[in-house]
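Counting from 1, the numbers follow the sequence of the chain as shown. Being a predicted model, the structure only gives us computed values, none of them experimental.
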Amino acid sequence: MKRTILITGGAGFIGSNLCRFWKKRYPEDRLVVLDKLTYAGNPANLEPFGLKTTPKNQPLSYADKRFRFEQCDITNITDVDDVFQTEDIDLVFHLAAESHVDRSIKDPSVFIDTNVKGTFVMLEACMKTAHKHKDRSAGRKQKPRFIHISTDEVFGSLSPEDPPFTESSPYRPNSPYSASKAASDHLVRAYNKTYGLCCLTTNCSNNYGPFQYPEKLIPLMIHNITNKIPLPVYGDGENVRDWINVEDHCRALAKVALEGASGDTFNIGAGEEKRNIDIVRKLCDLVDIMLNRPKGESRNLIQFVKDRAGHDRRYAVDSSKIRKKLRWEPKTTFDKGLEDTVQWYLKEELKENY
């Protein structure tokens, strides 16, 4: 059955990877991408779909008949409604969000606007569409199904001895970013419980892989190491994160969207807990090897800097629910995934695209 898949934030890191994954796995489906094209959204990420840049103030063009792109602010209810009215949407992957903690500390307002109001607008648009299909025969899945992609940061911080977060862990966000995502999670739950809208929520650990904007740890460090720029490491570098390859995340999202039950929530993680300082050192060594530099040279670029305000010490998620219930598991080990990621970014550095 051919489906129409709407992906918000589809020109960003996870969104563009999801577009590629979906086209490869389900080539008959139609993809509709909404993206405001802020600093983190790049039309070049969607080149496989024929998306081309055009002269200033002209709409982007695209060649793939199974693909539609709209430069759209998800807080604009009129523009979002127009898309829903002209497309028969089956699945919505809501990825569009402001996601950088440092930026949220400097200016929380845009995070509240995009992450909270934007989610509200998307839910309202789905509600209007769902009413059109309310007379469908019993047993058919309600459409559209709304898949809300969130973060493990909504659960707060763990101490070294704490067990990983589960789907029932209390929400304790510590940054404006995580607070805005927590608020959006609660909105999604409310629309499911109050209005019966078919919604599912995922809370994922840190992603890594190609097409990530170079303000996040891994691409930033690769860029700096390559160009012999100091490597700023917050505090003592002992902060721990659980890492997952973005393609494994995309496979999990497909499982949730196609097999998950309305109202369900899933933690998605690979169980790869790493200290920030260990990742930075490993990146130094990988780049040195790939660029034929003296062993250990790039580690001299590491500089410990003043810690970020409210910096959570450790994140980790228990993903046993999705592994058992939906038969998903990660395929990429962190070591192999990190090596592939470094190779990709070094290639992009040579092309001066990133």
Side-chain angles (χ1 to χ4, degrees), residues 13-14 17 40 99-103 151-153 155 157-160 162 164-165 174-175 177-178 204-249 268-291 293-308 310-317 319 330-349 354:
F13 167 44
I14 300 175
N17 276 282
S99 64
H100 193 49
V101 175
D102 286 358
R103 289 178 183 267
T151 172
D152 57 359
E153 295 190 40
F155 300 121
S157 183
L158 292 169
S159 59
D162 288 333
F165 298 121
N174 292 321
S175 71
Y177 159 62
S178 58
C204 192
S205 59
N206 281 30
N207 280 229
Y208 70 94
F211 303 103
Q212 190 170 27
Y213 187 77
E215 66 180 356
K216 298 300 179 73
L217 179 68
I218 289 176
L220 174 64
M221 293 299 162
I222 295 172
H223 172 80
N224 286 16
I225 297 166
T226 304
N227 294 282
K228 299 185 178 182
I229 300 172
L231 310 177
V233 177
Y234 280 132
D236 58 8
E238 298 287 330
N239 302 74
V240 174
R241 300 294 182 260
D242 182 1
W243 293 88
I244 184 172
N245 185 271
V246 68
E247 186 167 344
D248 282 331
H249 185 196
I268 301 174
E272 296 271 16
E273 291 187 53
K274 308 293 180 184
R275 298 186 307 167
N276 287 348
I277 188 59
D278 292 334
I279 290 178
V280 174
R281 288 169 178 160
K282 188 170 185 63
L283 289 171
C284 288
D285 297 343
L286 284 171
V287 174
D288 282 349
I289 291 170
M290 293 179 189
L291 295 184
R293 291 177 178 173
K295 183 178 180 181
E297 177 182 273
S298 293
R299 290 194 180 199
N300 295 324
L301 296 170
I302 296 173
Q303 294 184 1
F304 293 95
V305 299
K306 182 180 178 180
D307 206 358
R308 181 171 68 200
H311 199 178
D312 290 334
R313 195 61 170 173
R314 171 178 168 242
Y315 302 139
V317 295
S319 60
K331 293 182 177 180
T332 307
T333 65
F334 184 76
D335 286 345
K336 179 62 168 63
L338 193 65
E339 182 177 341
D340 291 345
T341 299
V342 172
Q343 289 177 338
W344 187 89
Y345 280 102
L346 290 181
K347 183 179 178 180
E348 293 303 305
E349 285 279 351
Y354 283 80

(message) I'd like to know whether W344 forms a side chain to side chain contact (heavy atoms under 4.5 Å, CB included) with F211, so could you lay out the CA-CA distance, the side-chain angles of the two residues, the decisive distance to 0.1 Å, and finally the verdict.
(response) CA-CA 9 Å; W344 187 89; F211 303 103; 3.5 Å; yes
(request) Start with the C-alpha gap between Y177 and H100, add the side-chain angles, then the distance that decides, and say whether side chain to side chain contact (heavy atoms under 4.5 Å, CB included) holds. (result) CA-CA 7 Å; Y177 159 62; H100 193 49; over 6 Å; no
(request) Apply side chain to side chain contact (heavy atoms under 4.5 Å, CB included) to the pair S205 and E272, showing each step before the final yes or no. (result) CA-CA 10 Å; S205 59; E272 296 271 16; over 6 Å; no
(request) Applying side chain to side chain contact (heavy atoms under 4.5 Å, CB included), run through Y234 and N276 and close with a yes or a no. (result) CA-CA 9 Å; Y234 280 132; N276 287 348; 6.0 Å; no
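Ionic pairing of R314 and E273 is present here: one or more N-O contacts between side-chain nitrogen and carboxylate oxygen are shorter than 4.0 angstrom. Taking a cutoff of 4.0 Å between a charged side-chain nitrogen and a carboxylate oxygen, D278 and K282 do not qualify as a salt bridge. Between D307 and R313 there is no salt bridge, since no side-chain nitrogen of the basic residue lies less than 4.0 Å from a carboxylate oxygen of the acidic one.
The minimum heavy-atom distance linking Y208 with N245 is given by the pair CE2-N, 3.4 Å. Q212 approaches Y345 most closely through the heavy-atom pair N-OH, 2.8 Å. What you find for P294 and D288 is that their closest heavy atoms are O-OD2, 3.6 Å. Contact detail for I268 and I244: the closest heavy-atom pair is CG2-CD1, 3.7 Å. Pairing each heavy atom of I225 with each of S298, the nearest pair is CG2-OG, 3.4 Å. Closest heavy-atom contact between N224 and P230: ND2-O, 3.0 Å.
Side-chain contact of D312 with N174: a donor-acceptor pair under 3.5 Å is present, judged by distance alone.
Counting only distance, with no hydrogens or angles, the side chain of D340 and the backbone of G337 share no donor-acceptor pair below 3.5 Å.
Looking at I218 and W243, their side chains come closer than 4.5 Å, going by heavy atoms from C-beta outward. In this structure, I222 and L286 have side chains that are not in contact, with every pair of non-hydrogen atoms separated by 4.5 Å or more. Residues D102 and E215 form no side-chain contact, since every pair of their non-hydrogen atoms from C-beta on lies 4.5 Å or further apart. In this structure the side chain of L231 never reaches within 4.5 angstrom of the side chain of R299, judged on heavy atoms. Within the 4.5 Å cutoff, no side-chain heavy atoms of P160 are placed close to those of V240. In this structure the side chain of E348 never reaches within 4.5 angstrom of the side chain of P210, judged on heavy atoms.
Between the NZ atom in K216 and the CG atom in N206 there is a gap of 8.0 Å [rounded to 0.5 Å]. In this structure, H249 NE2 and I14 CD1 are separated by 5.5 Å, a value rounded to the nearest 0.5 Å.
Residue E247 places its CD atom among 12 or fewer non-hydrogen atoms of other residues, nucleotides or ligands, all under 6.0 Å distant.
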